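If you're wondering where the values come from, they're calculated on a predicted model, not measured in any experiment.
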Amino acid sequence: MKKKWITAVSFICAALLLMSCSASGGNGKGQFPEKSITYSIPFEPGGQSDIEARRQQSFLEKYLKQKIVIQYKPGGGGSVGWSELVNQKPDGYFLAGINIPHIILQPLANEDTGYQTEDIVPIAIFQTTPIALAIGKDSGIDSLDDFIQKAKENPGSITVAGSGNYSGHHIAFLQLQDVAGIELQYVPFDGAGPSMQAFLGGNTDAVLANSSDLLKYTEDMKILAIGSEETFEPMPEVPTFIEEGYDITASIDRGVGVPPDTDLKIIHILEKAFLNILEEPGVKDQMYEEGFEPKAMGHEESVQYIEQKTKEFADILEKQ
């Protein structure tokens, strides 16, 4: 009897130990994470994705109690870095910054990007950059309705600067044409900075630009409407497209993702760490001051958001 009791106790202890290891999200050796984590930025150093990762770095190290190593994998508008991400071991030790709509538009517009949108598992989306439409201050156009009326009277004559093709700016341009029933001329530039400078230099009539860039030049232009869902706090005087009667939301959203098949327990540990950063004193204020909008979407909400945007963008591209 005593031998049977000892055997039963041993079995229960083993089962509890197994459950404990599973609950940790680890591999049986301890609580995740047990070593340093690589945080890959699929763009050049110095951009907003890099700036945000650097802001997060010390907080992540505090929460996760491990070193966060930031690396850069630029190329292909992010596709080189995202291709690397989806082929990493799904153990939580390799993360990559993700940008929406980029991770969606590239596979939709190109046959081989090295990844599919659904291969990237989002941990969280933590920041958004609304995209706004601006016109020259001496254009004689005072409102979005004025702009659209002029475009209807002169199809294809209004030039609009933006950053790249199949980008956040390009999809906002296509949305505006579709919803307003107008024809414009899109002029892509190699980056947000060059497109803004081209517009300020009088090379285009209008620009679709990031809120962070527009905030620096509010005295040099008229901002007609912004793509945020609600009033954008740093520019309370600028109406949203929705407030102007046009069902358009346009932004570049930043988040972080892991490879497919990553354990859900690991995802939740990382999700909590990234979302907790937004509650740190001063973090949201810093984002607003820089022209960005904090966003707190966890894993499940981010998955649904990306699925919704994928359908939305696919419908727009099919009309072209």
Side-chain angles (χ1 to χ4, degrees), residues 42 48-49 52 77-79 82 85-86 95-110 113 115-133 162-181 208 210-211 225-232 239-262 264 267-268 270-272 274-275 278 287 292-320:
Q48 183 54 32
S49 294
E52 203 54 42
S79 63
W82 295 320
L85 170 68
V86 300
L95 324 173
I98 58 174
N99 285 34
I100 302 160
H102 305 64
I103 63 168
I104 299 171
L105 293 176
Q106 289 184 8
L108 286 177
N110 302 292
T113 55
Y115 74 96
Q116 294 298 316
T117 303
E118 58 269 25
D119 294 336
I120 298 173
V121 181
I123 294 169
I125 296 171
F126 43 73
Q127 185 186 78
T128 189
T129 308
I131 295 172
L133 175 68
S163 175
N165 286 309
Y166 300 107
S167 61
H169 300 151
H170 191 193
I171 202 72
F173 172 85
L174 296 176
Q175 283 179 297
L176 178 58
Q177 284 195 134
D178 180 53
V179 172
L208 281 161
N210 298 341
S211 55
I226 194 164
S228 52
E229 294 181 359
E230 298 177 350
T231 300
F232 182 52
T240 66
F241 284 103
I242 293 173
E243 288 171 336
E244 292 292 277
Y246 299 91
D247 188 15
I248 298 172
T249 55
S251 64
I252 296 172
D253 304 305
R254 294 182 182 85
V256 63
V258 288
D261 301 321
T262 300
L264 193 57
I267 290 171
H268 286 160
L270 294 169
E271 170 193 57
K272 181 179 180 182
F274 275 93
L275 294 183
L278 293 169
M287 288 190 189
F292 304 101
E293 189 172 64
K295 202 163 193 169
M297 282 189 179
H299 164 66
E300 292 182 5
E301 190 178 1
S302 296
V303 169
Q304 293 172 3
Y305 180 73
I306 291 170
E307 288 176 352
Q308 169 201 330
K309 288 296 181 182
T310 300
K311 183 180 184 307
E312 181 182 320
F313 297 152
D315 289 346
I316 293 170
L317 293 180
E318 281 179 8
K319 296 176 182 179
Q320 304 310 307

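Counting only N and O atoms by type, the side chains of Y166 and N110 include no donor and acceptor under 3.5 Å apart.
The side-chain contact (heavy atoms from CB on, under 4.5 Å) test with I103 is passed by exactly one of I306, D253, D119: I306.
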Inset, instruction - May I have the step-by-step check of side chain to side chain contact (heavy atoms under 4.5 Å, CB included) for L208 and H170, ending in yes or no? - result: CA-CA 8 Å; L208 281 161; H170 191 193; over 6 Å; no

Inset, instruction - Given salt bridge (charged side-chain N to carboxylate O under 4.0 Å, His left out), test K311 with D315 step by step and report yes or no. - result: CA-CA 6 Å; K311 183 180 184 307; D315 289 346; 3.3 Å; yes

Legend entry - From CA spacing to verdict: side chain to side chain contact (heavy atoms under 4.5 Å, CB included), R254, F292: CA-CA 10 Å; R254 294 182 182 85; F292 304 101; 3.9 Å; yes

Inset, instruction - Give the C-alpha distance, both sets of side-chain angles, the deciding distance and a yes or no for side chain to side chain contact (heavy atoms under 4.5 Å, CB included) between L278 and K295. - result: CA-CA 8 Å; L278 293 169; K295 202 163 193 169; over 6 Å; no

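Within the 4.5 Å cutoff, the side chain of L317 has heavy atoms near those of the I171 side chain.
Enclosure of atom CD in E229 is not indicated, since only 12 or fewer non-hydrogen atoms of other residues, nucleotides or ligands lie within 6.0 angstrom. Counting heavy-atom neighbours within 6.0 Å of E300 CD, excluding the residue itself, gives a total of 12 or less. Within a 6.0 Å sphere centred on CD of Q308, other residues, nucleotides and ligands contribute more than 12 heavy atoms.
The main-chain N or O of T113 is never found under 3.5 Å from a side-chain atom of Q106 such that the two would form a donor-acceptor pair. At least one donor-acceptor pair closer than 3.5 Å links the side chain of H299 to the backbone N or O of P122. Between the side chain of S228 and the backbone N or O of T231, no donor-acceptor pair lies under 3.5 Å.
Annotation: side chain to side chain donor-acceptor pair (under 3.5 Å) contacts of T249 (sequence neighbours excluded): K309.
If you take CD1 on I316 and CG on L174, they are separated by 7.0 Å, rounding to the nearest 0.5 Å. Atom CG of N99 and atom OG1 of T128 lie 10.0 Å apart (nearest 0.5 Å).
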